[in-house]
Amino acid sequence: MKTLHFSVQDYDLKKTLESGQTFHWEQVSGHSWEGMISGQWVRLSQAQHDRITARGVNGMGQVKGDIIRYLQLDVDIQSVIKCFPDDALMNAAVRARKGLRLLRQDPWICLASFLLSSNKRIPQIMEIVRHMSIRLGEQLIHPETGRQLHAFPGPESIAKSHESVLRECKAGYRAKYLYKCASLVASGEYCLDAIHVLELDEARSKLMELPGVGAKIADCVLLFAYGFSRAFPIDVWVQKVLGDYYFKGATNTPRELGALVQDYFGDHAGFAQQYLFDYIRHLKPAEWAGWVAEGHTGRSS
DNA sequence: GGGATGCCTGGATG
DNA sequence: ACATCCAGGCATC
């Protein structure tokens, strides 16, 4: 057993793990979560605001770098936030969701998770991921607790399975997409690694070639797995932010809207999106109505 | 090419 | 109770 300590600033592990960018972390106490990073079992904890602890099972040498990368511990979030537009809603979101970060996830796990996300709430997505991990994921036995652990299933494992198995895991109509994507990736016909070297627009188009992957899912994977910090997923929540607040009244095509977003939110638009999304998701309807009534007035005072 | 419609499923709403 | 609606979308027509 080895424990690693990381000193952090403006990093809220709870907000980050519960912000809907990942669906496989299991909360085991008020400030601890268990999951896997690079195939290794890890328990992450944050009892104090300035320290995150990672506990692993053995030889954590290699894993340290993986954890830093996964949690994006070397990102200077203040310099990112400085790039955000200076308006009232954006500032409120940054203040309210202080410590929210973006993770750098494994592309396959991220892609598969978001394929499962359409028309589902977060707890239901987590439920499907649990079922799939138990049914198809690699099984590990924790050397000390003896607990069984199940990794998120790789594309090969799913491809060797069957669409009906995914349906038994409650994936519903998404099963077909996930099965097809797994088959394409497992066979080598589609290479997830090739995305890394592409420009944002090319990478996006490439991901959208996959069955079941549209603009929203592509942008989630680009932002949460490939680290394109300009990728800006527009889901129903963010749609509200854009349509009811920032660009009210303008009937834009998705393409025009994308251009407006890139122009307004800048080089770290994806981070801004995550703060806005997480902020309004926690607002009461009346509070959101207040923002809409006030409207976007450009720069805050 | 923008705009409806169906899709699995479970929880919320009436 | 029981029907209906709708979720962090996408493909299809």
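Letters A, B, ... are given to chains in the order of the sequence lines, protein chains preceding strands, and every chain is numbered from 1. Just so it is clear, the values below take in all heavy atoms, side chains as well, and ignore hydrogens, waters and symmetry mates. Just so it is clear, the model here is predicted, and its values are computed rather than measured.
The existence of a salt bridge linking A/E163 and A/R167 is confirmed by a sub-4.0 Å separation between a basic side-chain nitrogen and an acidic carboxylate oxygen. A salt bridge links A/R135 with A/E168; the closest basic N to acidic carboxylate O contact falls under 4.0 Å. A salt bridge links A/R43 and A/E34; the closest N-O separation between the charged side-chain nitrogens and carboxylate oxygens is under 4.0 Å.
A donor-acceptor contact under 3.5 Å links the side chain of A/Y173 to the base of C/dG9. Checked by distance alone, A/K216 brings a side-chain donor or acceptor within 3.5 Å of a matching partner on the base of C/dG8.
Nucleic acid contact for A/G214: sugar-phosphate only, since backbone atoms but no base atoms lie under 4.0 Å from a heavy atom of the residue. Using a 4.0 Å heavy-atom distance criterion, A/A175 is classed as making no nucleic acid contact. Among the protein residues, A/I125 comes within range of no part of the nucleic acid, since none of its heavy atoms lies under 4.0 Å from any strand. Residue contacts for A/S19: at a heavy-atom cut-off of 4.0 Å it reaches a base atom on one of the strands shown. Within the 4.0 angstrom heavy-atom criterion, only backbone atoms of the sugar-phosphate kind lie near A/K170; the bases stay farther away. As judged by a 4.0 angstrom heavy-atom cut-off over every strand, A/R167 is placed among residues touching the sugar-phosphate backbone only.
The gap from the C1' atom of B/dT5 to that of C/dC5 amounts to 15 Å, rounded to the nearest Å. Taking atom C1' on both B/dG2 and C/dG8, the two are 23 Å apart, rounded to the nearest angstrom. Across C/dT12 and B/dC8, the matching P atoms stand 13 Å from one another, rounded to whole Å.
Mapping A/G212 and A/F224 onto DNA chain C by nearest heavy atom places A/F224 at the nucleotide closer to the 5' end. Between A/V213 and A/S117, the residue whose closest nucleotide on DNA chain C is further toward the 5' end is A/S117.
The partner of B/dC8 cannot be assigned: no Watson-Crick or G-U wobble pair with both contacts below 3.5 Å exists in any strand.
Looking at A/E294, its side chain never comes within 3.5 Å of a backbone N or O of A/W291 through a donor-acceptor pair.
Rounded to an integer number of Å, the gap from A/I128 CD1 to B/dC8 P is 13 Å. At whole-Å resolution of the value, CG in A/L283 and C1' in C/dG8 are 16 Å apart. The distance between atom CD1 of A/I122 and atom P of C/dG9, rounded to the nearest whole Å, is 11 Å. In this structure, CD of A/E127 is placed 9 Å from P of B/dG10, rounded to the nearest angstrom. Atom C1' of nucleotide B/dG6 and atom CZ of A/R174 are separated by 12 Å, given to the nearest angstrom. Between A/L166 atom CG and B/dT9 atom P there is a gap of 12 Å when expressed in whole angstrom units. A/K240 places its NZ atom 10 Å from the P atom of C/dG8, with the value rounded to the nearest Å. The NE2 atom of A/H131 sits 12 Å away from the C1' atom of B/dG10 (whole-angstrom rounding).
Proximity of A/K120 to the phosphate of B/dC8: no side-chain N or O atom is located under 4.0 Å from OP1 or OP2.
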Are there any protein N/O atoms within less than 3.5 Å of an N/O atom in nucleotides 11-13 of chain B, and if so, which ones and at what distance?
none

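Between A/K98 and the options A/D12, A/D10, A/D278, a salt bridge (Lys or Arg N to Asp or Glu O under 4.0 Å) holds for only A/D10. The only option from A/K14, A/H282, A/Q274, A/R281 that meets the side-chain hydrogen bond (donor to acceptor under 3.5 Å, both in side chains) definition with A/S19 turns out to be A/Q274.
A/D87 and A/Y264 form a side-chain donor-acceptor contact under 3.5 Å, judged by distance and modelled atom types alone. A donor and an acceptor atom, one from each side chain of A/S38 and A/Q40, are nowhere located under 3.5 Å apart.
With B/dG2, C/dG8, B/dC8 as the choices, the nucleotide that has an atom nearest any side-chain atom of A/T253 turns out to be B/dG2.
Taking the six-membered ring where tryptophan is involved, the planes of A/H296 and A/Y245 are tilted, since the angle between them lies from 30° to 60°.
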